[in-house]
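The structure appears below as structure tokens.
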Amino acid sequence: MEEFPKYYGGLETESLWQKRWEEEGIYRFDPDSSKPVYSIDTPPPTVSGQIHIGHVFSYTQAEIMIRYFRMKGFNIFYPFGFDDNGLPTERFVEKQLGVSAASLPREEFISQCLEISKNIEAQFKELWQSLGFSVDWDQLYSTIEPSSRRISQRSFLDLYKKGLVQKKAMPALYCPFCRTTVAQAESEDKEIPSQFVDLLFHLDDGRELIIATTRPELLPALVAVFVHPDDPRYKELHGHSVRSPLFDREVPLLTDGKVDPEKGTGAVMCCTFGDTTDIEWFNTHSLPLRQVIDGAGRLNELAGPYQGLKVSEARTKIKDDLEAAGLLRGRKEIVHSVNVHERCGKEIEFLVKDQWFIKILDKKEELIAQGDKIHWFPDFMKERYVNWVKDLKWDWCISRQRKYGVPFPLWYCKSCGQVVLAKEEELPVDPLQTLPKDPCPHCGGREFLPEADVMDTWATSSVTPQINGRWGEGDDRLEKIFPMSLRPQAHDIIRTWAFYTIVKSYYHHGQAPWKNIMISGHSLAQNREKISKSKGNAGVTPAQIIKNNTADTVRYWAAGSRLGMDTFFSEEVLKNGKRLITKLWNASKFALMNLENYRPGTTGKRNLIDLWILARLDQLVEGTTQYMEKYEYGLALSTLETFFWKDLCDNYIELVKGKIKEGTEEERIGSQEVLYKVLWTTLRLFAPFLPHVTEEIYSLSLKENEKHRSIHLAPWPENEGFCLTGEDEKKSLFLLRLVDAIRKGKTEKKLSLAHPIALFRFSSPWPREDSQIREALPTIFSLLKVQEEAERFEPDYTFQEEGLSLAIKWGEKEEKAPDQQRPL
RNA sequence: AGGCGCGUAGCUCAGUUGGAUAGAGCACUACCUUGACACGGUAGGGGUCGGCGGUUCAACUCCGCCCGCGCCUACCA
């Protein structure tokens with residue numbers, strides 16, 4: 001056994017172990033192993049800015065579980081990846097460089113993206129390593145690398161051949177600022193101040209009609225006016241037409257039950273398009289299309305004199321002109337919530353564009369059924385998935401009018417206009433760079449137009465199981481790892497990563513991508529708000545927090561709440577973690593001191609105290625294992641912590657000291673064997689949570705005997721069937737009560753726990769000469785300095801409760817020699 | 001407005017299928033340097049379990065309504 005240092009090395013020790021784990025490759029996936037495979041589909045973080053403590057919270061919880069499964073004997077496939085293409089990365093790079101993508105040539109912009117991504121990815125990897133993550137870094141992937149692009153394009157071709165993706169012109173969410181369409185998942189709500197204005201319209205017979213709107217700039221896009229069919233105010237107007245102010249266009253007055261008579265004046269403008277209701281009416285009432293906003297967010301020729309103005313400029317100008325013409329009858333300041341693009345915060349418009357859509361709306365039932373086949377932890381998170389799918393209003397639009405991303409593998413034939421797909425062997429292909437080798441299969445044409453859009457970033461990051469499984473790349477990796485065992489992620493991305501990945505796996509393979517999904521909560525900022533890049537409330541960086549506290553301490557914090565629950569970042573909890581690590585170090589050090597003359601494997605005589613801790617240990621193994629099986633790492637840890645601190649340190653280790661020092665050889669070996677077993681088991685139970693300190697203790701002590709290369713490759717402890725029942729159990733608990741009672745006596749009399757007890761007697765429900773109790777007494781007397789048991793004496797202190805009474809005569813405290821006193 | 005979750009000691013959180021005086025850590029009080037650990041130990045104070053009603057022999061736990069907070073979705077006339 002090596003020398004056990006007085007103090008634990010903390011950060012330095014951690015980085016040494018991180019390096020050794022990596023060098024020795026102990027977390028590598030072994031494709032030839034006969035163990036059952038456990039594969040993890042880790043969400044590739046988006047390269048779009050700095051990582052914050054919330055990411056650490058979520059990823060650490062998963063990592064703890066993965067360490068558990070490794071110890072349970074699984075062959076772990078734990079890859080890591082980065083999602084480094086698409087709009088999020090583009091926006092990030094634009095910000096970093098202070099340029100817009102449009103102002104740079106495509107090639108140059110892409111090479112800038114790649115360079116900046118590489119830097120960020122290096123930082124990510126360093127951070128994960130500094131937390132001791134047991135990732136197999138040989139499996140590292142990025143969603144922009146050629147094989148990922150190929151698989152992403154293969155995914156598109158497969159969907160195309162199955163008729164699950166189609167190009168169609170229909171209203172889509174469009175961000176004029178980013179100049180691209182976006183998916184429903186990329187829009188979010190934002191409270192924005194606005195003005196509700198009353199406009200004066202005239203009916204065809206000259207009567208007046210007031211309509212309230214927040215978007216007067218859409219007047220040139222007016223296609224109808226709606227009222228509620230039962231609204232008495234407007235009953236007589238049914239069938240008439242309405243003339244719009246300023247633009248002098250005549251549109252029909254129609255009725256629809258969706259109109260809320262309470263809102264505004266109960267009469268509504270329907271423009272193409274102001275909101276989702278407009279789209280609905282456009283479809284249900286077959287209205288004409290009048291699109292006045294262009295891709296740059298400016299009004300077009302349909303707006304007449306307002307052509308070229310931005311939406312916001314046009315809004316002001318049109319209001320001013322209406323006012324001047326006496327057609328604006330009222331203004332009301334309001335704050336309303338508006339759909340904005342999550343990446344830039346700018347208002348989203350609905351524009352009709354020719355876009356590629358993956359079919360969702362007519363597959364909702366099947367997609368919900370797939371979600372149902374996955375085990376969700378915690379189970380209620382499934383509701384969020386189901387609700388999201390149920391409420392979807394759009395098919396999944398995957399066209400992005402951007403530069404950096406995976407291109408569509410197709411061209412359009414110039415003569416017949418048909419789609420010409422790339423061939424499997426050409427992938428990955430950039431249609432802007434190359435042309436089809438063969439003539440158009442539809443008409444034999446030889447000239448082609450490339451599809452210039454790129455795919456939505458999620459079109460790529462939704463195929464992570466396929467990327468990890470090298471789908472279609474000519475080996476059997478996919479069969480080995482798919483469906484993947486676990487998807488770990490936070491609850492905010494159920495609607496994106498989880499949803500899209502389920503869609504893709506179901507469409508490609510007819511099954512859900514994972515067996516289990518664990519959904520973690522968020523780490524909240526001090527004011528109970530979600531931490532997010534846009535709010536800038538992330539606080540201290542994770543790297544700094546680890547530096548200040550060690551990785552094991554940060555992991556302890558991350559494990560400190562139940563799965564799925566949001567938690568605060570808390571210095572307090574970090575402090576507790578540090579205390580635990582120190583205690584673990586000290587307790588191990590002391591246990592090992594007491595094991596110095598013990599030969600592992602030998603057995604001796606056990607007393608009731610030994611049997612009690614073994615029984616508690618089995619309960620602990622049972623309890624923590626059950627919690628881990630339910631992904632309740634937090635409950636497992638707190639059970640473990642309570643056992644370690646209360647049962648092991650405060651009681652067993654204290655009690656066993658005397659027996660090991662003063663007992664017979666048989667007694668000594670009996671307790672040493674138990675102590676060894678308890679220490680080894682406890683360390684392994686702590687290992688997934690505190691991988692560094694447990695590895696360090698293990699390597700300094702038990703490794704010599706246990707022989708596993710790392711504690712993390714040792715098996716998770718099993719229940720060995722120890723338990724105390726009947727009288728044995730009652731007697732063991734009695735002995736612990738006896739210890740408590742004596743401690744209480746000393747404390748009440750304000751004496752040191754080491755204060756000698758000159759004379760002592762006690763009574764129990766068992767005969768005086770009960771051998772099991774007798775055997776355990778020297779241990780207790782040694783700890784509490786009981787010098788002599790006596791029948792008759794005048795006590796200084798007595799204590800009595802059900803089944804236990806005792807009497808004590810205090811002894812004289814020995815003065816310590818000055819040289820024995822602890823130096824300051 | 002709908003969905004999901006949360007509301008337990010001053011703070012951070014446990015309390016698994018309803019069952020005796022509701023738990024832990026921090027903080028607080030008193031005492032104790034005990035042979036690993038004062039980043040320790042022993043004892044103690046502190047809670048109308050968000051509110052109201054219901055089911056039950058029994059409710060922190062189940063049901064209904066309400067209040068507060070968070071997240072997701074909807075609401076742009």
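Naming: A, B, ... by sequence-line order, numbering from 1 per chain. Only a predicted model underlies this, so the values are computations on that prediction, with no experimental measurement involved. Any value given below was found using the heavy atoms of this structure, including those in side chains, with hydrogens, waters and symmetry copies removed.
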Quiz item: Across the strands shown, which category fits A/T553 at heavy-atom distances under 4.0 angstrom: base, sugar-phosphate, nothing?
Solution: nothing
Practice problem: Sequence neighbours left out, what passes side-chain contact (heavy atoms from CB on, under 4.5 Å) with A/D198? Give chain and number order. | Solution: A/I210, A/A212, A/R329
Exercise. Identify whether any heavy atom of A/H755 sits under 4.0 Å from a base atom; if not, whether one sits that close to sugar-phosphate; answer base, sugar-phosphate or nothing.
Key: nothing
Practice problem: State, to 0.1 Å, how close A/Y385 and A/G371 come at their nearest heavy-atom pair, and which atoms those are. | Solution: CE2-CA, 3.6 Å
Quiz prompt | Pairs meeting criterion salt bridge (Lys or Arg N to Asp or Glu O under 4.0 Å) with involvement of residues 570-580 of chain A, two or more places apart | solution = none
Quiz item: Between B/U48 and B/C72, how far is it from one C1' atom to the other, in whole Å?
Solution: 35 Å
Exercise. Assign A/S638 to base, sugar-phosphate, or nothing according to its heavy-atom contacts below 4.0 angstrom with the strands shown.
Key: nothing
What nitrogen or oxygen pairs link the protein and nucleotides 3-9 of chain B at under 3.5 Å?
residue	atom	partner	partner atom	Å
B/G3	O2'	A/N387	ND2	2.2

Restricting to nitrogen or oxygen on both sides, can you table the protein-nucleotides 15-20 of chain B pairs closer than 3.5 Å?
residue	atom	partner	partner atom	Å
B/G15	OP1	A/R562	NH1	2.6
B/G15	OP2	A/R562	NH1	3.2
B/U16	N3	A/Y627	OH	3.2

Quiz item: How would you label the contact of A/Y7 with the nucleic acid (heavy atoms, under 4.0 Å): base, sugar-phosphate, or nothing?
Solution: nothing
Practice problem: Please work out the stems of RNA chain B from pairs that are Watson-Crick or G-U wobble with both distances under 3.5 Å, keeping only runs of three or more consecutive pairs. | Solution: B:1-7 with B:67-73, B:10-13 with B:23-26, B:28-32 with B:40-44, B:50-54 with B:62-66
Quiz item: What pairs meet the salt bridge (Lys or Arg N to Asp or Glu O under 4.0 Å) rule with one or both residues in residues 265-278 of chain A, with sequence neighbours excluded?
Solution: none
Would you mind writing out the side-chain donor-acceptor pairs for residues 555-562 of chain A within the sub-3.5 Å range, not counting sequence neighbours?
residue	atom	partner	partner atom	Å
A/R555	NE	A/F689	O	3.0
A/R555	NH1	A/E63	OE1	2.9
A/R555	NH1	A/L131	O	3.0
A/R555	NH2	A/E63	OE1	2.6
A/R555	NH2	A/P688	O	2.8
A/Y556	OH	A/E641	OE1	3.1
A/Y556	OH	A/E641	OE2	2.8
A/W557	NE1	A/F568	O	3.1
A/S561	OG	A/T567	OG1	3.0
A/R562	NE	A/E632	OE1	3.3
A/R562	NE	A/E632	OE2	3.3
A/R562	NH2	A/E632	OE2	2.5

Quiz prompt | Set of side-chain contact (heavy atoms from CB on, under 4.5 Å) partners for A/N597, sequence neighbours left out | solution = A/R668, A/Q672
Exercise. Give A/W557 one of three labels, base, sugar-phosphate or nothing, depending on what nucleic acid heavy atoms sit under 4.0 Å from its own.
Key: nothing
Quiz item: With a 3.5 Å cut-off and just heavy-atom distances, do the side chain of A/K583 and the base of B/C39 make a donor-acceptor pair?
Solution: no
Exercise. Could you tell me whether the side chain of A/E654 has a donor or acceptor atom within less than 3.5 Å of a complementary atom in the base of B/A36?
Key: yes
Quiz prompt | Quiz item: A/K785 side-chain donor-acceptor pair to B/G35 base, under 3.5 Å | solution = yes
Quiz item: When all nucleic acid strands are considered with a 4.0 Å heavy-atom cut-off, which category describes A/W585: base, sugar-phosphate, or nothing?
Solution: nothing
Self-check item: Span that lies between the C1' atom of B/C60 and that of B/G23, in whole angstrom
Solution: 12 Å
Quiz item: Can you tell me how far C1' of B/A74 sits from CG of A/D260, to the nearest Å?
Solution: 14 Å
Quiz item: Please give, in whole Å, the distance from B/C13 P to A/E641 CD?
Solution: 15 Å
Exercise. Would you please name every residue forming a side-chain contact (heavy atoms from CB on, under 4.5 Å) with A/S671, sequence neighbours left out?
Key: A/D610, A/Y652, A/V656, A/K659, A/I660
Self-check item: Residues which pass side-chain contact (heavy atoms from CB on, under 4.5 Å) with A/P5, listed by chain and number, not counting sequence neighbours
Solution: A/W585, A/L700
Exercise. Scan for side-chain hydrogen bond (donor to acceptor under 3.5 Å, both in side chains) pairs involving residues 742-754 of chain A, sequence neighbours excluded, and state none if there are none.
Key: A/N651-A/R743
Practice problem: Check the angle between the aromatic planes of A/H55 and A/H52 and answer parallel, tilted or perpendicular using the 30° and 60° thresholds. | Solution: tilted
Please produce a list of atom pairs where a protein N or O lies less than 3.5 Å from an N or O of nucleotides 22-28 of chain B.
residue	atom	partner	partner atom	Å
B/G25	O3'	A/R579	NH1	3.4
B/G25	O2'	A/N576	OD1	3.0
B/G25	O2'	A/N576	ND2	3.0
B/C26	OP1	A/R579	NH2	3.1
B/C26	O2'	A/E572	OE1	2.4

Quiz item: Is a donor-acceptor pair below 3.5 Å formed from side chain A/T582 to base B/C39, judging by atom type as modelled?
Solution: yes
